[in-house]
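Quick note: numbers below take in every heavy atom, side chains included, and nothing from hydrogens, waters or symmetry partners. Whatever order the structure lists ligands and atoms in, that order sets their numbers, starting from 1.
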Amino acid sequence: MIPILSHQENIKQDTFAFLKALNESDYSGEIAKSYASRLAVATDNSVYQCLPQAVIFPKSTQDIVRICKLAQLEEFSAIRFSPRGGGTGTNGQSLTNDIVLDLSRFMNNILELNEAEGWVRVQTGVVKDQLNDYLRPYGLFFSPELSTSNRATIGGMISCDASGQGSLVYGKTSDHVLGLQSVLVDGSVLDSQPLTAVDLIEQVERQDSIGAIYRQVIETCDSKQQQIEDGFPKLNRFLTGYDLKHVYDAQTGTVDLTRLLCGAEGSLAFITEAKLHIQKIPTYRTLFNVKYDSFQSALQNAPFLVKANALSVETIDSKVLNLAKQDIVWHSVSSLITDVPGRVVDGLNIVEFVEEDADIQAEKVAALAAQLDALIADKKAGVIAYQICDDLADINRIYGMRKKAVGLLGNTAGSAKPIAFAEDTCVPPENLAAYIIEFRQLLDDHYLHYGMFGHVDAGVLHVRPALDMCDPEQEKMMRRISDKVVALTAKYKGLMWGEHGKGFRSEYGPEFFGEELFTELRKIKAAFDPNNRVNPGKICTPIESNEQLVSVDAVKRGFYDRQIPVKVRESFSEALDCNGNGLCFNYDTTSPMCPSVKLTSDRVHSPKGRAGLMREWLRQLANNDIDVLQLESDLFAGKNAGVFKKFANTLAKRKGEYDFSHEVMEAMQGCLACKACTSQCPIQVDVPTFRARFMHLYHGRYLRPVKDYFVAYVEQYAPLMGKMPDFFNFFMKMKLTASLTEKYVGMVDIPLLSSPTLKTSLHKQDITEFDLAKLQALPMIERESYVLIVQDPFTTYYDADVVRDLVLTIKKLGYKPVILPFKPNGKPQHIKGFLDKFAKTTKNTAEFLNKMSELNIPMLGADPAMVLCYRDEYKHALGEQRGDFNVLQFQEWLLPRLKGKAKASKDKQFFLFGHCTEKTAEPTSSGDWAKIFTHFGGQLSDVAVGCCGMAGTFGHDAGKLADSKAIYSLSWEAEIAKRERASCLATGYSCRSQVKRIEGQTLKHPVQALLEIL
Ligand SMILES: Cc1cc2nc3c(=O)[nH]c(=O)nc-3n(C[C@H](O)[C@H](O)[C@H](O)COP(=O)(O)OP(=O)(O)OC[C@H]3O[C@@H](n4cnc5c(N)ncnc54)[C@H](O)[C@@H]3O)c2cc1C
Ligand code: SF4
Ligand code: SF4
């Protein structure tokens, strides 16, 4: 049995008192002190880990003013803060052991748009894609680009001066910031914009912190003009902290503190609002995907492409391409980047042209195409083929793949994982090819594996060498390589921190700037933050203080992870491998990725949050000398704590006894087990798998709630109740039953059993009864016309019309359906973590299905989540013993069997609302359905929606009802409301149940619509 895990890093006394005082003040935001909330922001995408004291979520600028003013009190003078946005930094920029001030949860409103003047005013917690989705209908966009655009905030972009694809034309974030509102640590509000003449004099003469800042900036820039000119490299990218080159224009006498705050990595002030320059979305866009025989060829050919007047040139190497090919993202681009027959594509340049004039665009495109044709014909420059695309959706798909590729770099087998520490070097583009040769040599000398890609037009290279941070020797190697990369980039007149900011690389600042210039930076820091209380240690420390800069040697995740035994780490790799890139925070409600974090805006309830808790839980178990794998085997062997012991433990829990396992459990209970993370996360962090294992172990110590049994045993009781549906429905329809079920079982809206039953509704149909001997006796050729239907408890007993129509459709298509005897699938047991029972179920059912598969007759299931369970959960549970039976979904079975020409269109339009498990695991499914409908004269379009909120039984849990409905309203509600109900189709039983209980009408399964048009 797992022990009580009472260890939690206690919050310091003064912080505790501060939070209490804040809570009692006019502060309107939220405060999170739980160990789980602190752990959720203890990491970013870097190798570092810092546990903060607490996380505070302000709701307004005034809230931040209140925080800062309160912190001015003598008793709180040791408290420090680090601002945080999306937490996607690659070098620990937002990490702290003090208080995290997270602006992403509430301060995410778009405040004002001025189309005529081309600007928008936003709170800085707004996510970059959120802003562009808002601007798109106006034909406008915020142009600086970055790979993390679906979760990085404007505050983070400003503070790291983010940039990416298209930067030669669109520049960096700082080029588009017109003004900022920030709160200084003393609680003053600083409004910054370019100031000259009277306005500037007024500011300089102020006798407060703002006046002191202006005076210091002018003094530094006036006295060190030449050093600034010499010390700041001439690159397309800006080195973060502090932009002395642009803050002061000596010729016009203009001072713009905005330029100083941009790229300050949150070390000067809390930026609350930004006025941003926006521009027109280009009318014509064309992408060339140019394929090469090697990465080096692609790199060397890049300048030639830039000269063709391209907006951007991005290079990807074969390693990254191959990683993308293995990921779910590849299906969306495979036709746009096809293989070249007889050749190996080992490098790719993605070249984009944009224009307002169609003729000019056509000329540019034709010119480059002709040049590339000539290179291919002459076998020059390593160019082996190219493809052009100008469809906007296709272009977005290519960039989607390219954006995800950064995350994919972190996904490799083995204990050495590609990590960020020298991942964004920048050198002048003309030095790039030579620099890369030396850089590669350096990595090869250390026998490291790595993939590369980058913005070659700007000289930026993304590399993540694979290191095992659990190995102290490799941690030392990381430091050695860091030092060498700093020297190497300097040799090529570049920077190690060319795009993502310094963070824990801040220790290189003094060496890079030299003492004289660095002293000036420290004076600037002192003017803003004299006591080093804002993101301390990042960029620089205040002059005349003994404070230390953060260092590459800071405590890393590996320090904690190595406390977990290797075999446990390997066994729980689906949690341990999370590298914190934050893709699971995707703000887009139409994406299936993590409904629970979308709903709560609480990082604890994200795949990353859950994976982080699991890591800590395993670490604490290890530190308690618990062999968690042994515990699991004991549970499988039936060695369980007695019920009295569990009862006593549960009683202690009710009385408030602290156990870290309860915090982990709470996070796991918020998970819908929708499985979106399993396939959407670039690292394949698989929450449902480790969640089930955790629950199994947790309930080895604590009693289970009744509802767990209610869910897990549905496959046992549904077949029994299904024999007398009207009898049971009579009771189920009673209000008393509903309220008793809610009160004592904790379940709501329990669906009624199907009446008539499946058997009755097929009674008059000529359907072949299952008879194994007869099927075995059939000649092979005859078997081709048979189809076996694998039943699941939900469609057979609660949605029998769907199974009936599946049978009738198969029949109408000329095949002979045979319904197999019902065998439990086990998914409900898995969801609730009854893994010992699940193991037995899977063993029995797999045996049965393997036997059936010997018939060589295709097997079909009606519900995607249940069918996919055979493919994934069964593999995890049974390994080799699973056998190779295959249960297909209807569309997978029918598509390859379509014969003859497509029928003329009947003008019947349907809309498919896909099940999130299916959409993410089998991304071609909606396209397959569309092809089938087209073949039979119908039309079917996929509707972009996220999770429906039901996800199996989540929506029936009384405690989750409000959450379930709120998730529905995130994307489904509006899309369903837009359309005629009869045209909306849903493959998932859960989704149909959710629509039925919320809208009062049932959606059809696509097979039912197909039956109508056949
Ligand atoms: C897979 C991957 C790909 C990436 N690709 C790119 C890329 O193409 N281009 C690029 O430029 N970067 C890239 N990055 C780095 C990162 O996404 C960017 O730096 C991004 O701008 C950080 O935004 P965020 O909201 O996540 O900020 P956070 O990580 O939360 O914070 C970053 C810094 O900003 C500060 N900060 C945040 N909000 C505020 C505020 N309101 N006031 C003051 N300070 C604040 C923090 O203190 C911290 O120092 C990538 C990262 C990953 C993981
Ligand atoms: S769970 Fe996956 S997507 Fe989320 S941060 Fe971890 S690795 Fe990234
Ligand atoms: S299974 Fe779904 S709800 Fe749970 S963590 Fe993964 S994406 Fe989020």
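- Scanning C160, S46, G89 for the heavy atom closest to atom 32 (C) of ligand 1 points to C160.
- A salt bridge is defined here as a Lys NZ or Arg NE, NH1 or NH2 lying under 4.0 Å from an Asp or Glu carboxylate O, and R259 with D175 meets this definition.
- At a threshold of 2.8 Å, atom 6 (Fe) of ligand 2 has a backbone or side-chain N, O or S atom of C578 nearer than that distance.
- In terms of polar-atom proximity, defined here as any N/O pair under 3.5 Å, P83 does make such a contact with ligand 1.
- Of all atoms in ligand 2, numbered sequentially from 1 with element shown, those under 4.0 Å from a heavy atom of N579 are 7 (S).
- The existence of a salt bridge linking R121 and E273 is confirmed by a sub-4.0 Å separation between a basic side-chain nitrogen and an acidic carboxylate oxygen.
- Close N/O approach between T148 and ligand 1 is found [any backbone or side-chain N/O within under 3.5 Å].
- By the criterion of a heavy-atom distance under 4.0 Å, both the backbone and the side chain of T88 are placed next to ligand 1.
- Among the backbone and side-chain atoms of C677, none of the N, O or S atoms lies under 2.8 Å from atom 2 (Fe) of ligand 3.
- The existence of a salt bridge linking D561 and R557 is confirmed by a sub-4.0 Å separation between a basic side-chain nitrogen and an acidic carboxylate oxygen.
- Residue-level proximity to ligand 1 for L103 is carried by the side chain, the only part with a heavy atom below 4.0 angstrom.
- Between F528 and Y242, the gap from one ring centroid to the other reaches at least 6.0 Å.
- Ligand 2 has at least one atom lying under 4.0 Å from a heavy atom of G582.
- In the candidate list G156, G503, G92, G156 is nearest to atom 21 (O) of ligand 1, counting heavy atoms.
- Residue contacts with ligand 1 for N535 involve side-chain atoms from C-beta outward but no N, CA, C or O (heavy atoms, distance under 4.0 Å).
- Taking a cut-off of under 4.0 Å to the non-hydrogen atoms of I683, the atoms of ligand 2 that pass are 7 (S).
- Judged purely by atom type and a 3.5 angstrom limit, K128 uses its side chain to pair as donor or acceptor with the backbone of P144.
- Only backbone heavy atoms of A269 (N, CA, C or O) come within less than 4.0 Å of ligand 1; its side chain stays farther off.
- With a 4.0 Å cut-off on non-hydrogen atoms, T90 touches ligand 1 through its side chain and not its backbone.
- Electrostatic pairing of E663 and R38 does not count as a salt bridge here, judged by no charged N lying under 4.0 Å from a carboxylate O.
- At least one N or O atom of S159, backbone or side chain, sits closer than 3.5 Å to an N or O atom of ligand 1.
- When hydrogens are left out, the protein atom nearest atom 2 (Fe) of ligand 2 is C681 SG, 2.3 Å; that is the closest non-hydrogen contact.
- Only the backbone of S163 comes within contact range of ligand 1, with a heavy atom under 4.0 Å; no side-chain atom does.
- Listed by number with element, the atoms of ligand 2 under 4.0 angstrom from any heavy atom of N581 are 3 (S), 5 (S), 7 (S), 8 (Fe).
- Both the backbone and the side chain of L146 come within contact range of ligand 1, each with a heavy atom under 4.0 Å.
- In the candidate list G580, P607, C584, C584 is nearest to atom 4 (Fe) of ligand 2, counting heavy atoms.
- Note: an N/O pair closer than 3.5 Å links E499 and ligand 1 by distance alone.
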